[in-house]
There are 2 protein chains.
Amino acid sequence: MRGFAESVMRGPRTVAEQVANVLREAIANGTIKAGTPLRQDELAEQFGFSRMPIRDALRQLEAEGIVSIHPTKGAQVAPMDSAEISEIYALRELLESEALRLSLPNLAGAKLDEAEQVLDQIDAERNVGRWGTLNRAFHLALYDACGNHRLLGLIEGHHNAADRYVRILLSNLDYRSRSQTEHRDLLAACRRRDAGNAISILRQHLREGSETLVSAIVEDGLARKS
Amino acid sequence: MRGFAESVMRGPRTVAEQVANVLREAIANGTIKAGTPLRQDELAEQFGFSRMPIRDALRQLEAEGIVSIHPTKGAQVAPMDSAEISEIYALRELLESEALRLSLPNLAGAKLDEAEQVLDQIDAERNVGRWGTLNRAFHLALYDACGNHRLLGLIEGHHNAADRYVRILLSNLDYRSRSQTEHRDLLAACRRRDAGNAISILRQHLREGSETLVSAIVEDGLARKS
DNA sequence: GTGCGTATACGGGCATACTTATATCCACAA
DNA sequence: TTGTGGATATAAGTATGCCCGTATACGCAC
């Protein structure tokens, strides 16, 4: 049972993974906009590889819900309307509140300290791109002791799927500070082991995020009409 | 916008999909046991195709959680221990009770009739292989009006992931009749629009399934030691 | 006898080349 | 003028072959 650490610790072992990572980031930071068709030979030429690893990467991203593939029609960056965002956030509320409920009683104090450090890093961080990662790290740290790996996987997946939209939120400095306030409130409730309060803060936090995001997108027309 | 119906209605358009379907079924009905390594050239020869569509199929099955792939080590049928089963069922409880809660107020009577017909089909069905499909159809019919496509997708995914284990349950005729009784109780509660009762029946139903399954697997040693 | 290093074999990742399907456009007929 | 049918172009799906990484086993040295 030694393969695990290697496959997780070490960076991308295959070209497909590297391509997937680059594409994921490009989609997240808006370099590639929603709805853009992703042509295999085009990408292959840009990356300097053949189409095979690109195909694999696209399959992977499809599994993550970031791109959608129709047979013989190719792949495109998954267009997302406000309805889909509402769905994702509704699921996050469901999954993450459950994870928090399960995790909190078993959560070591060290993990809470770790989460707090992440919050400090967020305050210090200037690069918007890293904020999404830190945000995810904070949330996952709280759920770490939930004891259900699949649940954690689903949560992480939804964070990734929403990542590019979360970054829209962060361009709004007002939201960012509110978010951090809520994060610290949430952390405080966790330290008090007040599960009920913590969960309700979390739900409120996600609901605000959802509403802010939907209205921002409707205004700016960043998502497809439908 | 005409491509949708076709791509969904028509059968598998690519070899990769066909292969994925065959493998999924073979894994579900136990022809290929958990932990079995899946060699690309071996499968390619058996199916009479090249390794490429097999690769695609394996990627797809990996996304569904049925097989696990380690780079350079290849794919194997995802081994599943009792802990993983508990996780899946805990998630099913969470996801499906939420779906039912959301769906019930909007669920048309026609859907309930449809669900009842499925239950009759289950009683009449002799072929164990089709039971899993019908079981899934019944559950999904109840959640149909939940208004969250992603939630439905997650639920369907977990049904598929657990399919091969659900079939173990059905070899137990006693469980099968109990399950049907619970299904009809659940349906009755839905007809009365008694959400609270319906959800508690559903949770109980899933919890029983989980316990029966775990003990069956521990006894028979069908899953890996860990 | 044990431990480490090297060699060999097995298998998956990647590239190149070919096939097939679908969409678009143009022509011809109604 | 419009609709339908076919031809062509584009892009995905598929086949084959090679390369490289990893694992395992054997041998040599300590």
Side-chain angles (χ1 to χ4, degrees), chain A residues 1-24 27 32 35-64 66-79, chain B residues 1-24 27 32 35-64 66-79:
Chain A
M1 200 51 180
R2 49 185 284 272
F4 180 75
E6 293 156 351
S7 56
V8 173
M9 299 295 291
R10 307 209 295 221
R13 303 305 302 143
T14 70
V15 173
E17 281 179 76
Q18 298 175 39
V19 171
N21 289 340
V22 172
L23 284 178
R24 197 191 346 266
I27 292 170
I32 307 178
T36 305
L38 299 170
R39 311 243 185 271
Q40 294 180 357
D41 354 1
E42 193 177 324
L43 293 172
E45 195 177 5
Q46 289 177 12
F47 281 98
F49 295 105
S50 82
R51 285 167 46 210
M52 287 302 112
I54 273 77
R55 281 172 64 79
D56 284 348
L58 290 176
R59 296 264 177 201
Q60 171 138 2
L61 294 175
E62 185 198 24
E64 297 174 23
I66 298 175
V67 312
S68 56
I69 298 181
H70 282 70
T72 76
K73 294 170 103 178
Q76 60 174 351
V77 179
Chain B
M1 199 51 180
R2 48 185 285 271
F4 180 74
E6 293 155 350
S7 57
V8 172
M9 299 294 290
R10 308 208 297 218
R13 305 303 302 143
T14 70
V15 173
E17 282 179 75
Q18 298 176 39
V19 171
N21 289 340
V22 172
L23 283 179
R24 195 187 352 260
I27 291 170
I32 307 178
T36 305
L38 300 169
R39 311 244 185 268
Q40 293 179 356
D41 17 10
E42 192 177 327
L43 293 172
E45 194 175 6
Q46 288 176 13
F47 281 100
F49 295 106
S50 80
R51 286 164 46 211
M52 283 303 114
I54 273 77
R55 278 173 64 81
D56 284 348
L58 290 176
R59 295 271 176 197
Q60 168 129 11
L61 294 175
E62 185 197 25
E64 297 175 23
I66 298 174
V67 312
S68 56
I69 299 181
H70 282 70
T72 76
K73 293 171 104 176
Q76 61 174 355
V77 179

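Computed from a predicted model, the values in this text were never measured in an experiment. Lettering of chains follows the sequences in order, A, B, ..., and the numbering in each one begins at 1.
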Quiz prompt | Side-chain touch A:Ile32/A:Leu38, heavy atoms, less than 4.5 angstrom | solution = yes

Self-check item: Donor/acceptor link under 3.5 angstrom from B:Arg51 side chain onto base of C:dG11
Solution: no

Quiz prompt | Side chain proximity check, A:Arg59 to B:Glu62, heavy atoms < 4.5 angstrom | solution = no

Quiz item: Between C:dG12 atom C1' and B:Lys73 atom NZ, what is the distance in whole Å?
Solution: 13 Å

Quiz item: To the nearest angstrom, how far is B:His70 atom NE2 from C:dG12 atom P?
Solution: 14 Å

Quiz item: Can you check the A:Leu43 CG to D:dA12 C1' distance for me, whole Å?
Solution: 13 Å

Practice problem: To the nearest Å, give me how far apart CD1 (B:Ile69) and P (C:dG11) are. | Solution: 16 Å

Quiz prompt | Nucleotide D:dA12, atom P - distance to CG of A:Asp56 in whole Å | solution = 15 Å

Self-check item: Counterpart residues, side chain to side chain contact (heavy atoms under 4.5 Å, CB included), relative to A:Glu45 (two or more places apart)
Solution: none

Quiz item: Between A:Phe49 and A:Thr72, which is nearer to the 5' end of DNA chain C once each is assigned its nearest nucleotide?
Solution: A:Phe49

Quiz item: B:Glu45 has an atom CD; how far is it from atom C1' of C:dG12, in whole Å?
Solution: 17 Å

Exercise. Tell me what A:Arg55 touches on the nucleic acid: a base, only sugar-phosphate, or nothing, going by heavy atoms under 4.0 Å.
Key: base

Quiz item: Atom CD of B:Gln76 and atom C1' of C:dG12: how far apart are they, to the nearest Å?
Solution: 15 Å

Quiz item: So does B:Gln40 get a side-chain nitrogen or oxygen closer than 4.0 Å to the phosphate oxygens (OP1/OP2) of C:dG13?
Solution: yes

Self-check item: Closest listed nucleotide, where the reference is the side chain of A:Asp41 and the choices are D:dT16, D:dA11, C:dA21
Solution: D:dA11

Quiz item: Which nucleotide in the list D:dA15, C:dG11, D:dA12 gets nearest to the side chain of B:Ser50?
Solution: D:dA15

Quiz prompt | d(CE, A:Met52; C1', D:dT16) in whole Å | solution = 11 Å

